[in-house]
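To keep things clear, I will list the structure first and then write my remarks on it.
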Amino acid sequence: MRILIAPDKFKGSLGAREVGAAIAAGIREELPAAEVEVCPLADGGEGTAEVICLALEAEWIACSAHDALGRPIQTSYGWLAESRRAVMEMSAAAGLFRLAPNERDPLRASTFGVGEMLRFAIGRGAGEIILGLGGSATNDGGFGLARALGFQFFARDGRELTGAVPDLLDLARIGLPNELKLPRIVAACDVRNPLLGSEGATRTFGAQKGATPEQMEVLESALTRLADVAAETFGCDHRAEAGAGAAGGLGFGLLTFCGATIRSGFEAIAELIGLHEKIARADIVITGEGKLDRQTLSGKAPAGVAQLARAAGKRVFAIVGQAEGGEPSDLFEEVIALNDTSPSYCDTPKLLRERARTLARRASFSN
């Protein structure tokens, strides 16, 4: 029996690689003769670069940048020398994880450091950059990223705007870089939100980044002004495109200033790591994530795995941290949850092994 284990991370508990290893350990304890392959996954959120770099044996390159509040940091990205491809995450520079809860400030938070990472990879000769958009602390529409790449933003009185996001309320003109040669940039994300409106970057994700209702109104107006002036400058308007609202509007900034392509994170990763071929070789597929709910259907890795497995005529199971009411269990032969509360880091590997052993013992699994 050939078993493919292709899970996403258990957010706040274990990375996808550790989840896969724990499930594999449980399966091997119960079915020692089985051929088990572990394929960690991501969907464009945090962990995307690690998953791709692990699968493709990329080299990690250190670089200097600034975090969302402008503090100098050391970060890194993956480098595939043969294809001259860079793989990075915006959160490596401007991620929420870098800020203490009392430091969250979406009015000030900037994607400038993400632009610095792009410049670093471009200077190394990257022909393509894959950028995961999850885990952002920012809501600047790519304002900071564009400045790092050489774009200039001017107020009505001619002042150059280099400060906080609300400064964009006074934006009158965007100046283009004298020389900017960009490689192909693929933005990988797991959301399809537009830039503005009730489903946009600010009103959907602003609160988790620390924005008050009053600040959300300011941010929404600032991003609206940015989109208006950008449309006048470039003759195209990306504000309504799916994914433009990802990472606080960084999706919009990448489309507008970099000519980027936005792709489903899961689809991009599945293609890069050859997931289709791995599923084709397997008899049974096991996936999972920390919380299985209706959002799983919106571009999340377990749903993507299930759809590919079913299309290939393979049986697919899920082991998850929590399974909320209304979960898309019809995608899977069976869903096994660890417990009813969020598992801690210490007990998650043990529980995963136990649930994997339980699954392997079921008649529904081996038949």
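- A donor-acceptor contact shorter than 3.5 Å is absent between the side chain of Lys291 and the backbone of Ala323.
- Of all the heavy atoms in Phe252 and His238, the pair that sits closest is CD1-C, 3.9 Å.
- Ion pair Asp190/Lys300 flagged as a salt bridge, since at least one NZ, NE, NH1 or NH2 atom sits closer than 4.0 Å to an Asp/Glu carboxylate oxygen.
- Follow the hydrophobic side-chain contacts under 4.5 Å out from Ile52 and you never reach Phe120; the two are in separate clusters.
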* Applying side-chain contact (heavy atoms from CB on, under 4.5 Å), run through Leu107 and Leu219 and close with a yes or a no. => CA-CA 7 Å; Leu107 297 182; Leu219 290 165; 3.7 Å; yes

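- Although no hydrogens or angles enter the test, the distance criterion places no donor-acceptor pair under 3.5 Å between the side chain of Asn193 and the main chain of Gly245.
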* To do: Determine, step by step, whether Phe266 and Val305 satisfy the side-chain contact (heavy atoms from CB on, under 4.5 Å) criterion, reporting the C-alpha distance in whole Å, the side-chain angles of both residues, the deciding distance to 0.1 Å, and the verdict.
  => CA-CA 9 Å; Phe266 172 76; Val305 171; 3.9 Å; yes

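- Hydrophobic clustering of Ile, Leu, Val, Met, Phe, Trp and Tyr side chains at less than 4.5 Å, counting indirect connections, unites Met1 with Ile23.
- Of the residues Arg353, Arg361, Arg362, the one that meets the salt bridge (charged side-chain N to carboxylate O under 4.0 Å, His left out) test with Glu30 is Arg361.
- Between Ile319 and Ala356 the shortest heavy-atom distance is CD1-CA, 3.8 Å.
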* **Phe151 vs Leu180, side-chain contact (heavy atoms from CB on, under 4.5 Å): CA-CA, chis, key distance, verdict** => CA-CA 9 Å; Phe151 291 87; Leu180 179 63; 3.7 Å; yes

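- What you find for Thr75 and Ala65 is that their closest heavy atoms are CG2-CB, 4.3 Å.
- Side-chain polar atoms of Thr111 and Thr138 form no donor-acceptor pair below 3.5 angstrom.
- One N or O on the side chain of Glu18 and one on the backbone of Gly15 form a donor-acceptor pair closer than 3.5 Å.
- Judged purely by atom type and a 3.5 angstrom limit, Asp283 uses its side chain to pair as donor or acceptor with the backbone of Arg2.
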* **Test log, rule side-chain contact (heavy atoms from CB on, under 4.5 Å), inputs Phe153 and Val229** => CA-CA 10 Å; Phe153 297 79; Val229 177; over 6 Å; no

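- Side chain of Glu89 to backbone of Leu131: no donor-acceptor contact under 3.5 angstrom is found.
- Salt-bridge check for Arg147 with Glu160: failed, with every basic side-chain N at 4.0 Å or more from each acidic carboxylate O.
- Residue pairs meeting the side-chain hydrogen bond (donor to acceptor under 3.5 Å, both in side chains) criterion with at least one partner in residues 94-109, sequence neighbours excluded, are Arg71-Glu103.
- Under the 4.5 Å side-chain heavy-atom criterion for Ile, Leu, Val, Met, Phe, Trp and Tyr, Leu96 and Leu133 are members of distinct hydrophobic clusters.
- Salt bridge status for Asp170 with Arg225: absent, with no side-chain N to carboxylate O gap under 4.0 Å.
- Ring centers of Phe143 and Phe112: at least 6.0 Å apart, outside the cut-off.
- Checking side-chain atoms of Thr256 against main-chain N and O of Gly253 turns up no donor-acceptor pair under 3.5 Å.
- In this structure, the ring of Phe317 has its center no less than 6.0 angstrom from the ring center of Phe332.
- Sequence neighbours left out, the pairs with a member in residues 265-278 that pass salt bridge (Lys or Arg N to Asp or Glu O under 4.0 Å) are Glu37-Lys278, Arg263-Glu271.
- Between Ile73 and Ala92, the shortest heavy-atom distance links the atoms CD1-O, 3.8 Å.
- In this structure, a donor-acceptor pair under 3.5 Å is absent between the side chains of Glu128 and Ser83.
- Using modelled atom types, no side-chain atom of Arg173 and backbone atom of Ala155 make a donor-acceptor pair closer than 3.5 Å.
- Put simply, Leu176 and Leu168 are part of the same group of oily side chains (I, L, V, M, F, W, Y) that touch within less than 4.5 Å, one to the next.
- Between the side chain of Thr202 and the backbone N or O of Met216 there is no donor-acceptor pair closer than 3.5 Å.
- For the pair Ser91 (side chain) and Ala94 (backbone), a donor-acceptor distance under 3.5 Å is absent.
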* Asked: Between Glu46 and Lys9, is a salt bridge (Lys or Arg N to Asp or Glu O under 4.0 Å) present by the stated rule, with each step listed?
  -> CA-CA 9 Å; Glu46 292 166 284; Lys9 64 184 175 297; over 6 Å; no

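- Leu255 and Val191 fall into different hydrophobic clusters, where Ile, Leu, Val, Met, Phe, Trp and Tyr are joined by side-chain heavy atoms under 4.5 Å apart, directly or via other members.
- Distance check: Leu338 CG to Asp347 CG gives 8.0 Å after rounding to the nearest 0.5 Å.
- Across all non-hydrogen atoms, the minimal contact from Ala109 to Val165 is O-CG2, 4.1 Å.
- Residues that satisfy the side chain to side chain contact (heavy atoms under 4.5 Å, CB included) test with Ala34, not counting sequence neighbours, are Ile3, Leu31, Val36.
- For the pair Arg85 and Trp79, the NZ or CZ position fails the cation-pi test of under 6.0 Å to the six-membered ring centre and within 45 degrees of the ring normal.
- Smallest separation of non-hydrogen atoms from Arg184 and Val186: NH1-CG2, 3.4 Å.
- Thr287 places a side-chain N or O within donor-acceptor distance of the main-chain N or O of Ala6, the cut-off being under 3.5 Å.
- Remark: Gln74 CD is packed, more than 12 non-hydrogen atoms of other residues, nucleotides or ligands lying under 6.0 Å away.
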